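A quick write-up on the structure given underneath.
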Amino acid sequence: MTTPAAPARRVPEAVHRRRWAILGVLMTSLLIVVLDNSILNVAIKTISTPAPTGLGATQSELEWAINSYTLVFAGLLFTAGLLGDRFGRKKVLIGGLAVFGAGSALAAFCGSPAELIAFRAVMGLGAAFVMPATLAVLMNVFERDEQPKAIGVWTGGVGLAIAVGPITGGVLLEHFWWGSVFLVNVPIVLLAVALMLWLVPDSRDPAPGRVDPAGVVLSVAGLVLLVYGVIRGGQLADFTDATVLSAVGAGLAVLAVFVVVEKRSDHPSIDVTYFGNKVFSAAIAAIALVFFALMGVTFFAVFYLQSVRGHSPLQTGLLLLPLAVTQTVFAPRARLLVDRFGHRATTTGGLVTLAVTLAAFAVLDTDTPIWFIEAVFFLMGTGMTHVMTPVSVVVMQALPREKAGSASALSNTFRQVGGALGVAVLGSVLSTVYRNDIEDGLGLLPPAARHAAGESIEATLAVADRLGARGEALVGPANDAFLHAMHVTALCGAGIALVGAVVTALFLPGRAREPEGGERNQELVSAAD
């Protein structure tokens, strides 16, 4: 009886030997992209504090500080992936890191919320060239049988960055000014570039697609208009306002034109034919919905922990640790559950767990025991991990290795779009409910000051602080209004996660068949076609 021949190795031997060291360098590059957002989540309360402590940013300005980064990031990801496929992923990675580092240095020393929003957009430009290239390089230095394990470690790196970010931000804010949370990116950029020049091989697609400027402009314009309309609705506490409806309508119309243009183009930014595969579409939807929930929840959780509970930035970072550590620990092991139960059961279970933990926020109040909050964060991170790793494998193995940049860009585009809409939609729900609840409590203020004071709990507490003893009467109503707004927002997030669970239960594949005669299983996506 002859033994089946081992599949031919496609990765050069010299690269294969140092594949894990290369993965470590890629994770260092990934670290700064994710670290920046997780650090900012802890710093948003400080940035909202009036000068000289912060910039006095309003809640809508804070949402834009987050979303200017994610919208530029999401809008350029696919083009960045194509440029990496065409010119070389290593070159694109190094260029993206340089732009990200420069944007970080500028953001650290900016003097107004408008400048912060602009420099965060520059950081998003750099990050757009970093994240897809890291995953594309990974797919080209690991053989197919090791790719799920490597993607699990890569996903765990995201969890590590989420874990390190809040604590790092808390430590920096304890000892330095708010800009230090951006300046810390610069030495990490320098280290990543040095290691990349030394270890990482270059790779490119031998038949890359052409860049699609029209698609890039339409996608960014549509997303910005849509998100602006949603944020503006929350700021006004009125989603029927003409400016809100016109912005949302214009955004949806531009995105519809984008889809038509991409379908007719012979070199689209996003090849919409990929979405004809139900498994691929379900995996992309799961990625977007998880980050919709995560970014929206993190936004209000920080205000709950700092403004309502009175914790410092460092204490907040430590309290968020279970949310991140679970991703670091379980991400590389999620494939074991997939092997045993299949993608459908694992991912659907993760989304249901996420929905339950989001709903648990609806019972939190000012004196909820810390152990209960930590348990919620732990289970939330566990649920997310068992969604992100399986669906990332589905997406990356759906396309040929040569198109790894495109696959990575698609995955990360919808990750960032989901996150941006999560902050915009859930942030606007939070703002709307809060403003409606706090209006009666602001009766002692002059009419001109009521609108600004009612935009967020931080704005209300800042007014209360300026009023001294007279302002103490505002603190209780502000806390009550925020808790009610948080409860409503959390239930909205839970509903979104349940929608994702239904999608994955219907369309993701179950357990893969056992390999026969030494042959590989079919690709994950083709299993459900």
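Since the structure is predicted, the reported quantities are computational estimates derived from the model, not experimental observations.
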Can you tell me how far the [atom1] atom of [X] sits from the [atom2] atom of [Y], to the nearest 0.5 Å?
| X | Y | atom1 | atom2 | value |
| --- | --- | --- | --- | --- |
| Phe119 | Ser104 | CZ | OG | 11.5 Å |
| Leu430 | Thr489 | CG | OG1 | 4.5 Å |
| Leu116 | Leu106 | CG | CG | 11.5 Å |
| Met123 | Phe100 | CE | CZ | 4.0 Å |
| Leu125 | Tyr69 | CG | OH | 11.0 Å |
| Thr347 | Phe341 | OG1 | CZ | 13.0 Å |

Would you please name every residue forming a side-chain contact (heavy atoms from CB on, under 4.5 Å) with [X], sequence neighbours left out?
| X | value |
| --- | --- |
| Val433 | Val429, Asp437, His484, Ala485, Val488 |
| Val260 | Arg264 |
| Ser246 | none |
| Ala478 | Tyr434, Ile438, Ile457, Thr460, Leu461 |

List, one per line, each side-chain donor-acceptor pair under 3.5 Å for residues 350-364, sequence neighbours excluded.
| from | atom 1 | to | atom 2 | distance (Å) |
| --- | --- | --- | --- | --- |
| Thr353 | OG1 | Gly349 | O | 2.9 |
| Thr357 | OG1 | Thr353 | O | 3.2 |
| Thr357 | OG1 | Leu354 | O | 2.8 |

Please find the pair of heavy atoms, one from [X] and one from [Y], that lie closest to each other, and give the distance.
| X | Y | value |
| --- | --- | --- |
| Arg309 | Asp367 | NH1-C, 4.2 Å |
| Gly500 | Leu289 | CA-CD1, 3.3 Å |
| Ala282 | Phe507 | CB-CB, 3.6 Å |
| Val122 | Gly103 | CG1-CA, 3.8 Å |

Partners of Thr326 by side-chain hydrogen bond (donor to acceptor under 3.5 Å, both in side chains), sequence neighbours excluded? none

Which residue pairs pass the side chain to side chain donor-acceptor pair (under 3.5 Å) test when at least one of the two sits in residues 491-505, sequence neighbours left out? Thr348-Thr504

Does anything in residues 247-259 form a side chain to side chain donor-acceptor pair (under 3.5 Å)? List the pairs, not counting sequence neighbours.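 Checked against side chain to side chain donor-acceptor pair (under 3.5 Å) - neighbours excluded - no pair reaches residues 247-259.
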
Side-chain donor-acceptor pairs under 3.5 Å in residues 368-377, sequence neighbours left out?
| from | atom 1 | to | atom 2 | distance (Å) |
| --- | --- | --- | --- | --- |
| Thr368 | OG1 | Asp365 | N | 2.8 |
| Thr368 | OG1 | Asp365 | OD1 | 3.0 |

Side-chain (Ser112) to main-chain (Glu115) donor-acceptor, under 3.5 angstrom: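 Judged by distance alone, yes, a pair lies under 3.5 Å.
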
Measuring only between side-chain heavy atoms, which start at C-beta, is Val181 closer than 4.5 Å to Phe176? no

Can you find a heavy atom in the side chain of Val259 that is under 4.5 Å from one in the side chain of Leu255? no

Listed partners of Phe109 passing ring pair (Phe, Tyr, Trp, His ring centres under 6.0 Å), at least two apart: Trp177

